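Here is the structure we will look at.
Values below: all heavy atoms of this structure, side chains included; hydrogens, waters and symmetry mates excluded. We name chains A, B, ... by the order of the sequence lines, and we start the count at 1 in each one. These figures come from a predicted structure and were not determined experimentally.
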2 protein chains.
Amino acid sequence: MQRPTIADIARQAGVSKGAVSFALNGRPGVSEATRARILRVAEEINWRPHSAARALGGARADAVGLVIARPARTLGVEPFFARLLSGLQAEFSSQSIALHLMIVEDTRAEIEIYRSWVSERRVDGLMLIDLKVRDPRIAVVEQLKIPAVVVGGPGRHGRVSSVWADDRAAMLSAVEYLAVLGHTRIAHVSGLPEFQHTQRRSRALRDAATRLTLPRARSLHTDFSDAQGAAATRKLLAGAGRPTAIIYDSDLMAVAGLGVALEMGVAVPHDLSIISFDDSVLAQLTHPSLTALSRDTYRFGVQAAQAMMAVLADPTKTKNHKTETPRLIARESTSPTRS
Amino acid sequence: MQRPTIADIARQAGVSKGAVSFALNGRPGVSEATRARILRVAEEINWRPHSAARALGGARADAVGLVIARPARTLGVEPFFARLLSGLQAEFSSQSIALHLMIVEDTRAEIEIYRSWVSERRVDGLMLIDLKVRDPRIAVVEQLKIPAVVVGGPGRHGRVSSVWADDRAAMLSAVEYLAVLGHTRIAHVSGLPEFQHTQRRSRALRDAATRLTLPRARSLHTDFSDAQGAAATRKLLAGAGRPTAIIYDSDLMAVAGLGVALEMGVAVPHDLSIISFDDSVLAQLTHPSLTALSRDTYRFGVQAAQAMMAVLADPTKTKNHKTETPRLIARESTSPTRS
DNA sequence: CGGCAATGATAAACCGGTCTAGTGAACGGA
DNA sequence: TCCGTTCACTAGACCGGTTTATCATTGCCG
């Protein structure tokens with residue numbers, strides 16, 4: 001027999017299709033004895049539900065969609081995504097929810113995918129990442145009426161749930177740490193300026209600079225690539241009154257910056273302290289190892305997945321879930337100023 | 001109207017459901033005039049196919065499955081997967097094929113997922129990675145009669161297509177390069193011994209050692225983690241008659257090994273040459289930068305995806321597709337021996 | 001002009017589940 | 001004893017497509 005169906009179960013157990021459906025889904029309508037018999041038969045003939053048939057009846061797709069809008073080719077170098085993905089997956093797979101993944105070029109394409117996935121009922125919910133200032137996706141998911149979770153909020157995202165970390169507090173802790181070490185000329189090599197998390201960090205630096213009266217505190221924007229991270233570093237170190245400390249928005253850029261410093265004969269941490277806003281083996285394997293704002297990105301993914309499952313369970317309840325604030329881990333790349 | 005269906009199109013265009021289906025799928029059975037009218041109506045009311053309904057009729061799921069059987073937590077650090085994934089995605093998305101992704105703990109769980117995805121008709125094909133010696137998955141996919149592509153073959157995998165690179169030739173080129181530089185004591189820090197690619201590399205080293213009469217050529221197995229890579233390095237460098245060159249199976253382990261060497265006062269490349277079997281920014285950002293066997297992993301992913309689409313188009317045609325052999329890129333971590 | 005094939009279209013079955021309305025039997029209370 | 005309720009279960013509609021069998025019309029050929 002090719003691929004047993006509930007009709008086969010029904011025949012063998014001597015009941016109707018409906019009864020089988022009730023039994024298999026744990027709903028009332030059958031006696032315990034019958035239920036047990038049906039389950040036994042199902043087990044025996046190795047029956048599996050046909051997801052399409054289920055979905056057709058309006059049931060869940062048991063899949064969540066994630067679209068990443070960055071050039072596919074550059075994605076591989078960013079450890080953050082892989083770790084986030086791992087965390088999401090670990091949690092989702094515990095509920096047998098698969099991840100529908102797609103990498104596209106830009107937000108327009110991303111929105112197109114959302115529309116088709118939703119109207120084709122491929123996914124039950126969407127995870128939005130890299131939220132931008134005035135992000136058009138928010139309006140789209142609200143219009144599509146599909147459960148969504150913003151990873152890396154919160155921002156202006158109406159009634160959509162979000163999971164976020166306090167970038168502001170993290171940045172402040174890094175700046176204060178540097179200030180205590182005697183640094184007054186602090187620079188920030190950031191990511192894309194249109195991202196909300198980039199803006200939060202840059203603003204936090206500005207505010208801290210005002211409060212602690214640090215002159216020359218500045219943010220240089222990049223596209224997160226190691227090349228632009230290196231270029232920004234070169235620019236900072238070449239100028240007069242160069243910074244004594246640089247905070248990088250990713251470990252990849254921090255490592256690239258470290259390379260530039262060595263190349264230019266700027267000793268780390270003696271002449272320049274370096275802090276990475278993201279931690280990974282990468283930051284730990286360099287010499288000197290990098291002081292970093294560390295958080296458990298895997299766990300962040302797990303929490304994002306949990307938030308999604310909460311929204312799936314009750315779409316009316318939206319919630320902003322704040323996760324652990326990245327903590328500063330002091331390593332070898334920071335030291336007091338020499339003066 | 002909530003979610004237009006082909007019945008709506010049929011009504012508005014004044015034809016039957018069947019005619020609409022023919023028109024939308026570009027099959028014969030309707031005149032050009034009618035077809036055009038139907039397509040126009042479909043466009044107008046913004047109709048999208050309901051993937052579940054399609055699948056129920058036995059059609060394609062337009063998704064390909066990929067299960068990675070490694071501890072989710074450690075996955076994020078391996079740049080290889082992210083790049084492979086990017087390449088796969090880029091190619092698949094050009095055909096609107098989504099990737100169904102799941103990360104599990106072991107091969108048993110992986111096989112379970114295969115069974116359920118196939119019987120639930122969630123995917124049209126499966127990508128198998130990290131092929132092991134006598135891998136049980138081969139028998140499973142053959143039994144399930146689902147199109148599959150082995151990424152990183154070829155091995156004993158019957159009539160299943162594969163996409164692979166010539167690890168043996170790559171390893172030989174690395175060993176020969178080192179031999180020319182005067183190295184005779186060459187070690188290899190490899191990955192998990194049960195993987196076929198690990199075995200091919202280890203065997204290539206042994207063969208080269210015999211041919212070039214290199215004593216003490218040996219492979220040390222690890223689990224691919226930076227910790228075990230470091231431990232293996234420490235063991236190698238602590239012993240008497242330590243190697244003058246080490247080849248690492250991944251850039252992550254190579255970087256970890258580099259750190260251990262620096263820590264132990266072994267100068268790279270002066271006292272020790274290092275080659276990484278995998279290239280990425282990681283290898284380029286260290287100091288000294290790492291000589292590496294480089295290949296375009298993104299492209300590898302693209303080719304794997306193409307192989308999958310070929311099998312989907314005609315499941316009877318299986319093929320072993322050999323991709324570019326990793327080429328040695330000399331950087332700063334290798335030099336002639338001092339003697 | 002008759003027979004036959006090709007064309008364009010329709011109606012209905014079908015895929016494998018879910019779910020609702022309905023049925024018969026057992027049970028309980030007055 | 002009789003009615004109402006609950007329980008266990010059945011029959012069949014339904015979801016939104018695809019596909020097959022069927023049919024009418026037209027055109028072509030001998």
The criterion is side chain to side chain donor-acceptor pair (under 3.5 Å); which residues satisfy it with Asn46(B), sequence neighbours excluded?
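By the side chain to side chain donor-acceptor pair (under 3.5 Å) rule, Asn46(B) matches no residue at all.
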Residue pairs passing the side-chain hydrogen bond (donor to acceptor under 3.5 Å, both in side chains) test where at least one lies in residues 36-45 of chain A, sequence neighbours excluded:
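The answer is none; no pair qualifies.
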Under the side-chain contact (heavy atoms from CB on, under 4.5 Å) test, residues paired with [X] that sit two or more places apart:
X	answer
Ser21(B)	Asn25(B)
Val302(A)	Glu91(A), Tyr298(A), Gln306(A)
Ala139(A)	none
Ala165(B)	Arg295(B), Thr323(B), Pro326(B)

Please round to 10 degrees the angle between the axis of the first five pairs and the axis of the last five pairs in the helix from dC1(C)-dG30(D) to dA30(C)-dT1(D).
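One end's axis against the other's: 40°.
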So, using ring pair (Phe, Tyr, Trp, His ring centres under 6.0 Å) as the criterion, who are the partners of His50(A) when residues are at least two apart?
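Scan of His50(A) (ring pair (Phe, Tyr, Trp, His ring centres under 6.0 Å), adjacent residues dropped) gives none.
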For Tyr114(A), give me all partners under ring pair (Phe, Tyr, Trp, His ring centres under 6.0 Å), at least two apart in sequence or on another chain.
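Listed in chain order: nothing, the list is empty.
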Sub-4.0 Å heavy-atom contacts from residues 21-32 of chain B onto DNA chain D, ordered by number:
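Residues of residues 21-32 of chain B that come under 4.0 Å of DNA chain D are, in numerical order, Ser21(B), Phe22(B), Asn25(B), Arg27(B).
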So which protein N/O to nucleotides 22-24 of chain D N/O distances come out below 3.5 Å?
none

Any ring pair (Phe, Tyr, Trp, His ring centres under 6.0 Å) pairs touching residues 22-49 of chain A, not counting sequence neighbours?
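Checked against ring pair (Phe, Tyr, Trp, His ring centres under 6.0 Å) - neighbours excluded - no pair reaches residues 22-49 of chain A.
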Rounded distance in Å - NE2 (His50(B)) to P (dT18(C)):
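His50(B) atom NE2 is separated from dT18(C) atom P by 14 Å.
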Spacing of His197(B) atom NE2 and Ile129(B) atom CD1 [to the nearest 0.5 Å]:
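So the gap between those two atoms works out to 8.5 Å.
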